[in-house]
Asker: 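My structure is below; once you've seen it, I'll send some questions.
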Amino acid sequence: MAWTYGLLDAMKDPRLQIHNDYDIVIIKDCYPKAEVHFLVLPWKNIPSIKDLTGSHLPLLKKMDLKGREIAREKGGGRKFKFGYHAEPSMKRLHMHVISDDFNSVSLKTKKHWNSYTTGFFIPSEKVIKDLESIGRVNLPSTSQCSLNLKTPLKCHKCSYLPGNMPALKLHLAKHVE
DNA sequence: GTTCTAGAAC
DNA sequence: GTTCTAGAAC
């Protein structure tokens, strides 16, 4: 499927690049799911989080550090999440740098929501800790991933349980103000 | 990953 | 009748 390789073109596009050096690039997500949403990618051909080993630690620590730096510089004081999807749809390892308002017209589905707010989202710190301790990332199983994505909607900041996506989006607006 | 839309849910 | 979601896309 051609669309799974979309990020390989996007990361080369200077119009999307926020930062670019010899081993990593940071781009704006083309369909941001929050007010600020960047992707940190290595130039090295690492297809997915499943391919990571201890040898990637220096690179992952740099991606983490640069991601936090960009969030500080471009985040306008917003709070951020840093991490990876357990089962990404697109090729090339990419770390999400996403502001925790989730205020975006591109946030449309339950899958979108649950991919950032359940165990489907693997924080960057955990990826690094797993590689340091066991030399690989301990990921949820395929069935655990599927359950995470189908979990009933829940607000990430309070106990509110929205009945559907429009209700969630109305509720999120209250946390922003 | 998105777009589109049938039919479920209300 | 309208809103919303889930699944196909050759």
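Computed from a predicted structure; not experimentally measured. Numbered from 1 within each chain, the chains take letters A, B, ... in sequence-line order. When reading the values below, keep in mind they use all heavy atoms of this one structure, side chains included, and skip hydrogens, waters and symmetry mates.
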Asker: CG of L149(A) versus P of dG7(C): gap in Å, rounded?
Answerer: 13 Å
Asker: Would you mind reading off the distance between L168(A) atom CG and dT5(C) atom P, rounded to a whole angstrom?
Answerer: 10 Å
Asker: When we call it a touch if two heavy atoms are under 4.0 Å apart, what does K33(A) touch: a base, just sugar-phosphate, or nothing?
Answerer: sugar-phosphate
Asker: Measure the spacing between CG of D23(A) and CG of D21(A) and express it to the nearest 0.5 Å.
Answerer: 5.0 Å
Asker: Could you tell me whether R136(A) and D130(A) make a salt bridge, using a distance below 4.0 angstrom between a side-chain N and a carboxylate O?
Answerer: no
Asker: Regarding H94(A), tell me which of base, sugar-phosphate or nothing describes its non-hydrogen contacts under 4.0 Å with the strands shown.
Answerer: nothing
Asker: Without decimals, in angstroms, what is the distance between K110(A) NZ and dG7(C) P?
Answerer: 11 Å
Asker: Relative to the ring of H96(A), is the ring of F121(A) parallel (under 30°), tilted (30 to 60°) or perpendicular (over 60°)?
Answerer: tilted
Asker: Just how far, in rounded Å, is C1' of dC4(C) from CH2 of W113(A)?
Answerer: 18 Å
Asker: Nearest-Å distance, CZ (R92(A)) to P (dG1(B))?
Answerer: 18 Å
Asker: So, do V137(A) and L131(A) sit near enough that their side-chain heavy atoms are less than 4.5 Å apart?
Answerer: yes
Asker: Tell me the interatomic distance from D29(A), atom CG, to dG1(B), atom C1', rounded to whole angstroms.
Answerer: 9 Å
Asker: Considering Watson-Crick and G-U wobble pairs with both distances under 3.5 Å, what does dA6(B) pair with?
Answerer: dT5(C)
Asker: Could you check whether K108(A) gets within reach of a base, just the sugar-phosphate, or nothing at all, counting any heavy atom under 4.0 Å?
Answerer: sugar-phosphate
Asker: Between K150(A) (NZ) and dA6(C) (P), how many Å, whole number?
Answerer: 9 Å
Asker: Tell me the interatomic distance from D9(A), atom CG, to dG1(B), atom C1', rounded to whole angstroms.
Answerer: 13 Å
Asker: Check every atom of dG1(B), dT3(B), dT5(C) against the side chain of P166(A) and return the nucleotide holding the closest atom.
Answerer: dT5(C)
Asker: Between dT5(C), dG1(B), dT3(B), which nucleotide gets closest to the side-chain atoms of M165(A)?
Answerer: dT5(C)
Asker: Quick one: are L41(A) and L93(A) in side-chain contact, heavy atoms under 4.5 Å?
Answerer: no
